[in-house]
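Chain A is the first sequence line, chain B the second, and so forth, proteins listed ahead of strands; every chain is numbered from 1. If you're wondering where the values come from, they're calculated on a predicted model, not measured in any experiment.
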Protein chains: 4
Amino acid sequence: MTPTSQAVSGKVAKLNRVERNAWTKRKIFDAATKIVGKHGYAEASVARITEQAGVAQGTFYNHFENRQELLDQLLPKIGIDMVRFIRERTGTAQAARQEIERFGAFFDFIREVPEFLRILNEAEFFAPTGYQKHLDNIVTAYVRILQRARDAGAIEDFSDQEFEAVVYMLMGARGYLSQRYSYSGGAVTAVPDHVISAYQKLMTRGLFTTSDKGNRHDR
Amino acid sequence: MTPTSQAVSGKVAKLNRVERNAWTKRKIFDAATKIVGKHGYAEASVARITEQAGVAQGTFYNHFENRQELLDQLLPKIGIDMVRFIRERTGTAQAARQEIERFGAFFDFIREVPEFLRILNEAEFFAPTGYQKHLDNIVTAYVRILQRARDAGAIEDFSDQEFEAVVYMLMGARGYLSQRYSYSGGAVTAVPDHVISAYQKLMTRGLFTTSDKGNRHDR
Amino acid sequence: MTPTSQAVSGKVAKLNRVERNAWTKRKIFDAATKIVGKHGYAEASVARITEQAGVAQGTFYNHFENRQELLDQLLPKIGIDMVRFIRERTGTAQAARQEIERFGAFFDFIREVPEFLRILNEAEFFAPTGYQKHLDNIVTAYVRILQRARDAGAIEDFSDQEFEAVVYMLMGARGYLSQRYSYSGGAVTAVPDHVISAYQKLMTRGLFTTSDKGNRHDR
Amino acid sequence: MTPTSQAVSGKVAKLNRVERNAWTKRKIFDAATKIVGKHGYAEASVARITEQAGVAQGTFYNHFENRQELLDQLLPKIGIDMVRFIRERTGTAQAARQEIERFGAFFDFIREVPEFLRILNEAEFFAPTGYQKHLDNIVTAYVRILQRARDAGAIEDFSDQEFEAVVYMLMGARGYLSQRYSYSGGAVTAVPDHVISAYQKLMTRGLFTTSDKGNRHDR
DNA sequence: AATGAATGAGACTTCATTCAT
DNA sequence: GATGAATGAAGTCTCATTCAT
């Protein structure tokens with residue numbers, strides 16, 4: 001389902017009780033990810049999820065308190081995968097360059113896990129609790145990144161409070177851009193170059209010091 | 001309901017047929033705006049809307065083909081009010097300053113029409129047709145503003161395609177910021193100063209030339 | 001609509017009150033015939049009929065007590081046209097031959113007035129009063145025909161009561177045959193020859209004396 | 001409900017899951033038969049059927065895809081009962097005599113299963129799929145009977161194609177006769193003798209060879 | 001006589017959740 | 001723990017008819 005969670009690929013011969021239990025729960029979870037990712041939360045009825053998972057409807061309630069509980073776990077789970085994915089693809093270059101790398105990695109992740117975009121975008125309304133949890137995760141991590149860049153002198157003149165607002169703007173920008181530019185004819189596509197360059201100009205100039213002198217006009 | 005459309009404040013003694021018709025449609029429309037704004041699209045059943053409007057359920061279908069048609073009209077309608085509202089509050093200062101004025105006016109509008117935020121945010125899923133229409137309206141208008149600023153020399157180095165991406169980023173930034181900072185304890189509040197300053201720094205430096213020299217450090 | 005009722009083909013310049021009244025009623029009637037014939041009684045809502053007729057819904061109730069009243073007039077009206085149509089196509093040959101002519105003329109009428117079949121078949125449930133009226137018309141006329149044939153010696157051995165039963169059988173046979181053999185690919189088609197020959201054998205031998213001697217083996 | 005399916009006469013103490021399931025489905029089916037038979041398809045709303053069956057509306061959809069699916073099963077199911085019923089009452093006499101037996105048995109069946117007539121007659125419009133299935137069943141079986149009679153020399157001069165038309169005529173005759181003569185004052189009654197004699201004369205003389213010599217005038 | 005907006009009952013269907021087996 | 005039938009509330013939409021203009 002996600003790059004880091006290799007799909008369970010078949011019934012293993014012998015499982016103890018705990019393993020069987022976890023395995024069933026996992027089947028349901030993966031089924032939900034698949035369905036929400038492809039058809040949206042609204043289509044993710046318990047009937048449909050359990051059918052996809054190959055278990056009975058009643059089984060669902062042995063593993064989750066209710067439908068909402070599962071739905072609220074979806075985004076934070078994948079969100080963590082995303083953070084790890086992006087971190088792994090961010091080098092040790094200048095702060096401004098790193099930000100562009102993160103931006104690109106975000107779109108790479110969308111193509112890697114096509115379910116993510118839909119789960120992210122709809123979560124706000126269909127899984128508000130999970131959405132909030134995800135946002136908190138991202139904001140916390142991102143603000144820390146900005147703080148470090150400020151400590152390193154790559155950012156000046158922004159307070160911690162302003163950093164939070166900046167992170168929301170970055171997330172908003174990515175969210176809207178991904179919706180506009182990640183799809184084409186039903187398929188998930190790479191983001192166009194002019195979008196990357198626009199982001200680069202706006203955010204690099206806006207956020208980072210140009211004491212990485214000269215770079216500004218090189219681009 | 002909206003700043004420019006003063007609420008019909010009571011049954012006028014005599015209305016001809018056309019007026020009565022329009023008045024009923026308006027009652028339904030306003031009821032829907034109120035309900036979606038307060039409780040979201042999902043709660044905006046025809047039963048609830050017509051009850052709020054004080055008409056029978058069947059009456060709804062004399063004025064709208066179906067529930068979705070009404071829902072899809074909500075956002076574009078208010079969106080136009082918003083554009084007008086912002087335009088009226090934008091002066092003739094430098095382009096960068098105007099952008100900050102627009103940003104502030106956007107948040108003023110949210111407080112003026114508290115329904116807007118929810119209608120905007122949920123429209124993407126519950127009224128996709130209307131959402132798209134609204135986006136098109138905004139992008140068209142906004143790109144034109146940016147082009148004029150470029151013509152005036154206030155923006156350099158951005159192509160038309162990049163402008164479109166920029167507008168999506170601006171909209172995304174506002175959308176996420178408004179969700180984070182416009183509410184407090186259930187009530188709609190003014191956006192904090194540090195959010196405005198963060199936006200100002202990021203966008204002014206990122207988008208506009210500082211050939212309005214020196215200004216950069218004045219702020 | 002029917003062969004004998006030439007469609008009113010346009011607004012005549014000046015009509016007095018009575019004529020205008022009749023003209024409106026006629027428009028509604030024709031619209032109903034068209035709709036029921038093409039889409040069935042179930043689809044013939046007052047809204048649809050009046051729309052087709054080009055009048056307002058309320059106008060309907062100036063001319064008909066209610067929807068059912070109109071519906072019940074449809075079949076008897078066309079039924080009379082049918083009787084006349086068949087009579088005109090029945091010669092003065094032997095009684096048995098005349099019956100075959102009537103049978104053929106029935107199918108000719110269906111092709112002439114394609115609305116008839118549907119109106120006839122559905123009337124039993126959607127316009128029972130009209131259906132009964134139509135049946136009575138047909139039975140009365142048909143029994144009289146049979147009686148005359150009996151008087152002429154072409155039929156023996158059937159009582160008046162039996163004649164009524166025979167007429168129901170003839171009508172039933174035609175009804176079922178028309179449903180089975182009058183349509184082909186959506187269009188109304190001529191009835192196949194083997195159907196006519198089957199009818200001819202069954203009814204001629206069954207009903208009429210073969211004192212028209214030898215004929216039986218001629219065919 | 002039907003002669004061959006004795007009604008389940010009360011909740012049996014212990015039923016396993018499969019049996020309980022079948023029992024519920026059966027309750028719904030029987031309720032529908034009763035309602036359609038007494039009040040017609042149009043009155044057979046899911047609400048009414050489930051109320052009659054003593055189950056919740058939602059339960060209906062655990063057993064039938066939708067309302068139409070059940071409706072379309074009604075006639076073929078009873079139709080099969082009818083065929084069996086008639087076959088059991090048909091002896092080994094001459095072909096012509098057997099046909100009269102079948103005719104009489106048809107009317108006996110109507111009295112045995114009073115729901116049948118209404119279900120049959122309305123099915124054409126309210127359950128066309130089921131109606132077609134029923135017709136096919138009947139035509140197939142009936143044509144075979146006629147073919148065998150022809151093989152035995154009891155019928156001459158009819159082709160297979162003509163047989164099909166004949167069967168439609170027989171069915172039409174029965175259908176119309178049953179509607180006319182099976183009811184009296186709301187109750188289902190035996191068919192009058194003169195109807196039987198009329199059928200006997202028409203069909204015996206029309207269809208069968210009188211090489212069962214002399215018989216013709218014996219009756 | 002014509003209009004057409006308003007009415008409101010009632011239809012089918014979906015779905016999260018429960019619970020006996 | 002797994003099952004899946006049962007539940008019943010709630011949703012959208014249709015339509016014959018009325019009535020003020």
Just to be sure I understand the rule, does C:Y61 reach a base, reach only the sugar-phosphate, or reach nothing, if contact means heavy atoms closer than 4.0 Å?
base
D:T59 near the nucleic acid: base, sugar-phosphate alone, or nothing, with a heavy-atom cut-off under 4.0 Å?
base
Any cation-pi pair here, B:K27 with B:W23, using under 6.0 Å and within 45°?
yes
Quick one: the side chain of B:N21 and the base of E:dA5, do they pair up donor-acceptor inside 3.5 Å?
no
May I ask you to say whether A:R48 pairs ionically with A:E43, meaning some side-chain N is under 4.0 Å from a carboxylate O?
yes
To the nearest 10 degrees, what angle separates the axes at the start and end of the helix from E:dA2-F:dT21 to E:dT21-F:dA2, five pairs each?
10°
Identify which nucleotide among [options] has an atom closest to any side-chain atom of [X], counting heavy atoms from C-beta outward.
{"X": "B:S45", "options": "F:dT3, F:dG11, E:dA11", "value": "F:dG11"}
{"X": "D:N62", "options": "F:dT7, F:dT3, E:dT3", "value": "F:dT7"}
{"X": "B:Q57", "options": "F:dT12, E:dC12, F:dA16", "value": "F:dT12"}

When A:A47 and C:G58 are each assigned the nearest nucleotide of DNA chain E, the 5'-most assignment goes to C:G58
Verify, without hydrogens or angle tests, whether B:E69 (side chain) and B:E65 (backbone) share a donor-acceptor contact under 3.5 angstrom.
yes
Under 6.0 Å between ring centres: does that hold for A:F126 and B:F126?
yes
